[in-house]
Amino acid sequence: YPPLEAMMAGLPVLCSNVPAHNEFVPDEMCIDGKDVSSWVKHVKEVHQIWKQRDGPRQPLSLDSSIIERFSKNTYCATLSNALNEVLKNS
């Protein structure tokens, strides 16, 4: 998922505050999609931080529950459970 990949790479993330994003992207990175002035403000803040940055990017520290939720093991278990339900009900 691109926002998670960007956060893990230490890149800034700004996203619209919709369920596809706000379920796991930290609140301070979610912006009302219709609030143009808020987007402008946040983009300027990210740019200012980027200009002042010294050295390589540091990965964002993600909550362990987010990392676990998107791990390979969790994905495989969820897919297996879904397939078992489909087969059980057919």
Side-chain angles (χ1 to χ4, degrees):
Y1 185 69
L4 285 178
E5 293 170 1
M7 288 186 285
M8 294 301 289
L11 298 170
V13 171
L14 297 175
C15 62
S16 185
N17 190 11
V18 296
H21 301 301
N22 64 17
E23 294 171 359
F24 57 87
V25 175
D27 289 341
E28 63 271 11
M29 296 178 186
C30 294
I31 304 164
D32 180 348
K34 297 178 182 178
D35 187 348
V36 175
S37 63
S38 185
W39 277 95
V40 169
K41 174 183 160 258
H42 283 85
V43 168
K44 284 181 178 181
E45 287 173 2
V46 167
H47 184 253
Q48 190 62 27
I49 291 168
W50 176 81
K51 287 186 349 184
Q52 295 172 352
R53 184 179 60 147
D54 184 28
R57 296 182 292 261
Q58 297 299 315
L60 181 65
S61 176
L62 294 177
D63 183 292
S64 61
S65 66
I66 292 173
I67 293 170
E68 176 59 27
R69 183 174 172 196
F70 291 94
S71 72
K72 178 176 68 171
N73 291 340
T74 301
Y75 172 78
C76 290
T78 302
L79 181 59
S80 178
N81 290 339
L83 291 173
N84 286 334
E85 282 296 314
V86 168
L87 292 174
K88 184 171 74 173
N89 293 325
S90 44

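When a residue number appears, it is its place in the shown sequence, counting from 1. Given the structure is predicted, the values throughout are model-derived calculations rather than measurements.
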Those residues that, when tested against T78, pass side-chain contact (heavy atoms from CB on, under 4.5 Å) (two or more places apart): T74
Just distance, no hydrogens or angles: give the donor-acceptor pairs under 3.5 Å from side chains in residues 42-52, sequence neighbours left out.
residue, atom, partner, partner atom, Å
H42, ND1, S38, O, 2.8
H42, ND1, S38, OG, 3.4

Contact list for residues 2-21, test side chain to side chain donor-acceptor pair (under 3.5 Å), sequence neighbours left out: Y1-H21, N17-N22
Clusters formed by hydrophobic residues whose side-chain heavy atoms approach within less than 4.5 Å: which one holds Y75, and what are its other members? L79, L83
Applying salt bridge (Lys or Arg N to Asp or Glu O under 4.0 Å) to E28 and not counting sequence neighbours gives none
Looking only at heavy atoms, what is the nearest atom pair of V25 and C30, with distance? O-SG, 3.9 Å
Please collect all salt bridge (charged side-chain N to carboxylate O under 4.0 Å, His left out) contacts where either partner lies in residues 81-90, sequence neighbours excluded, each pair once. E85-K88
Tell me which pairs pass salt bridge (charged side-chain N to carboxylate O under 4.0 Å, His left out) where either residue lies in residues 70-84, with sequence neighbours left out. none
Going by side-chain hydrogen bond (donor to acceptor under 3.5 Å, both in side chains), name the residues that satisfy it together with S80, two or more places apart in sequence or in a different chain. none
Any salt bridge (charged side-chain N to carboxylate O under 4.0 Å, His left out) involving residues 7-16? Give me the pairs, sequence neighbours left out, ordered by first then second residue. none
Counting only heavy atoms from other residues, nucleotides and ligands, does the tally under 6.0 Å from CG of N81 exceed 12? yes
Name all residues meeting the side-chain hydrogen bond (donor to acceptor under 3.5 Å, both in side chains) criterion together with D35; count only those two or more places apart in sequence or in a different chain, and write none if there are none. S37
Determine which pairs satisfy salt bridge (charged side-chain N to carboxylate O under 4.0 Å, His left out) with at least one residue from residues 7-20, sequence neighbours left out, and list them in order. none
Test item: W39 side-chain N/O and D32 main-chain N/O as donor-acceptor pair under 3.5 Å: yes
